[in-house]
Amino acid sequence: MSTTTHTTTVPQATTDAPASVPASGTAFGTASGRPASNGRHPVEMLKRRWPTALAVALVILTTADGSGELADTVGAFGDALPLLPLLYVIIHQVGNPRVTWPVLGAGVAAMVALGAQDVVSQPVALVAIALAVLVWGAVRGTPHGRATFGVQAAGAFAFGALALVGLAVDPDLGRYLVAAGWFFHGVWDFVHLRLDKVVARSFAEWCGVVDVLIAAHLLFLL
């Protein structure tokens with residue numbers, strides 16, 4: 001009696017699989033199967049652009065009322081304008097951008113203190129402080145070199161002059177001078193942001209947005 005042996009043929013694996021699989025984090029997706037965000041997720045954008053978001057919120061809160069007289073509004077923003085170049089002058093002389101936000105806090109406190117007295121006006125006091133710091137820099141030297149020092153000095157004079165003249169003339173004309181000061185200081189901020197010089201980048205972005213929005217408010221929304 002003979003036995004018959006049956007054999008089973010196992011199919012061989014084919015070689016039709018793709019040659020490569022996209023690596024994790026590429027444009028096709030991530031290891032978890034979720035699409036890559038490429039930094040465009042709203043939360044990620046907010047984290048990166050928080051100075052802009054903070055600036056917009058501040059300007060909205062500052063100008064939302066809109067019930068003030070033209071002279072009062074021009075006076076308020078004209079008083080504050082010399083603070084902007086003063087911050088740059090002080091931070092420039094300190095030579096460390098990390099002190100930018102603390103210096104801003106001290107400047108705001110100084111503005112509040114100056115507003116509580118009637119001996120000297122806010123813009124005159126701020127311009128005088130800026131001049132004192134510039135004299136200090138001319139005598140003691142400057143950490144960023146004479147060229148940068150000269151640029152900061154020119155900015156302090158130009159923006160201080162726009163503020164003082166804008167406050168001295170009729171409010172109908174003063175609004176344009178004060179608005180020009182805020183707008184061009186916004187340009188000043190963005191140039192420093194681009195160059196990454198003198199002040200912290202977050203402050204330059206924040207201040208630039210604030211300045212341009214306030215200028216627009218003075219020109220178009222009053």
Side-chain angles (χ1 to χ4, degrees), residues 51 54-93 99-136 152-190 192 198-199 203-204 206-222:
L54 181 62
V56 172
L58 176 64
V59 174
I60 290 174
L61 291 175
T62 304
T63 62
D65 187 8
S67 59
E69 296 292 334
L70 174 62
D72 294 336
T73 304
V74 172
F77 288 121
D79 287 344
L81 178 56
L83 177 63
L84 308 178
L86 173 59
L87 296 176
Y88 271 83
V89 168
I90 293 175
I91 297 163
H92 170 269
Q93 282 306 110
V99 305
T100 300
W101 289 100
V103 170
L104 172 63
V108 172
M111 286 285 295
V112 173
L114 289 170
Q117 52 83 45
D118 298 323
V119 178
V120 60
S121 67
Q122 288 177 325
V124 171
L126 294 174
V127 170
I129 295 171
L131 291 175
V133 177
L134 289 173
V135 171
W136 169 40
Q152 298 303 319
F157 281 112
F159 295 117
L162 279 172
L164 294 176
V165 176
L167 291 169
V169 300
D170 184 84
D172 289 325
L173 173 60
R175 71 188 293 181
Y176 296 104
L177 296 174
V178 173
W182 282 88
F183 175 78
F184 285 113
H185 195 272
V187 175
W188 182 272
D189 290 318
F190 288 126
H192 283 78
V198 181
V199 298
F203 172 83
W206 172 83
C207 191
V209 175
V210 168
D211 294 352
V212 172
L213 291 179
I214 288 179
H217 173 73
L218 287 169
L219 290 177
F220 304 115
L221 301 181
L222 281 179

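FYI, side chains are in, hydrogens and waters are out, and symmetry mates aren't considered; it's all heavy atoms of this structure.
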- Item | side-chain contact (heavy atoms from CB on, under 4.5 Å) assessment of Gln93 paired with Tyr88 | CA-CA 9 Å; Gln93 282 306 110; Tyr88 271 83; over 6 Å; no
- Query: Does the pair Cys207 and Leu84 meet the rule for a side-chain contact (heavy atoms from CB on, under 4.5 Å), with working shown?
  - Reply: CA-CA 9 Å; Cys207 191; Leu84 308 178; 4.2 Å; yes
- Query: Mind checking what makes side-chain contact (heavy atoms from CB on, under 4.5 Å) contact with Ala153, not counting sequence neighbours?
  - Reply: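 Applying side-chain contact (heavy atoms from CB on, under 4.5 Å) to Ala153 gives Leu134.
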Examine distances only and state if a side-chain atom of [X] and a backbone atom of [Y] form a donor-acceptor pair shorter than 3.5 Å.
| X | Y | answer |
| --- | --- | --- |
| Gln117 | Leu114 | yes |
| Arg175 | Leu218 | yes |
| Asp189 | Gly208 | yes |

I'd like to know whether the aromatic ring centres of [X] and [Y] sit less than 6.0 Å apart in this structure.
| X | Y | answer |
| --- | --- | --- |
| Trp182 | Phe159 | no |
| Phe203 | His192 | no |
| Trp206 | Trp101 | yes |

Pairwise distance [atom1]([X]) to [atom2]([Y]) - rounded to 0.5 angstrom:
| X | Y | atom1 | atom2 | result |
| --- | --- | --- | --- | --- |
| Leu81 | Leu86 | CG | CG | 11.5 Å |
| Ile129 | Ile90 | CD1 | CD1 | 7.0 Å |
| Tyr176 | Leu219 | OH | CG | 7.0 Å |

Quick check: closest heavy atoms across [X] and [Y], and the distance to 0.1 Å?
| X | Y | value |
| --- | --- | --- |
| Gly75 | Leu167 | CA-CD2, 3.6 Å |
| Pro85 | Ala156 | CB-CA, 3.7 Å |
| Val199 | Ile91 | CG1-CD1, 3.9 Å |
| Val210 | Ala55 | CG2-CB, 3.4 Å |
| Leu126 | Pro82 | CB-CB, 3.8 Å |
| Val124 | Val120 | CG1-CG2, 4.0 Å |

- Message: Among Thr62, Val212, Thr73, which residue satisfies the side chain to side chain contact (heavy atoms under 4.5 Å, CB included) criterion with His217?
- Response: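 The passing option is Thr73.
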- Let me see the working for Val178 and Leu162 under side-chain contact (heavy atoms from CB on, under 4.5 Å), right down to the final yes or no. CA-CA 6 Å; Val178 173; Leu162 279 172; over 6 Å; no
- Message: As a quick check of understanding, evaluate side-chain contact (heavy atoms from CB on, under 4.5 Å) for Val127 and Leu131, giving each step before the final call.
- Response: CA-CA 6 Å; Val127 170; Leu131 291 175; 4.2 Å; yes
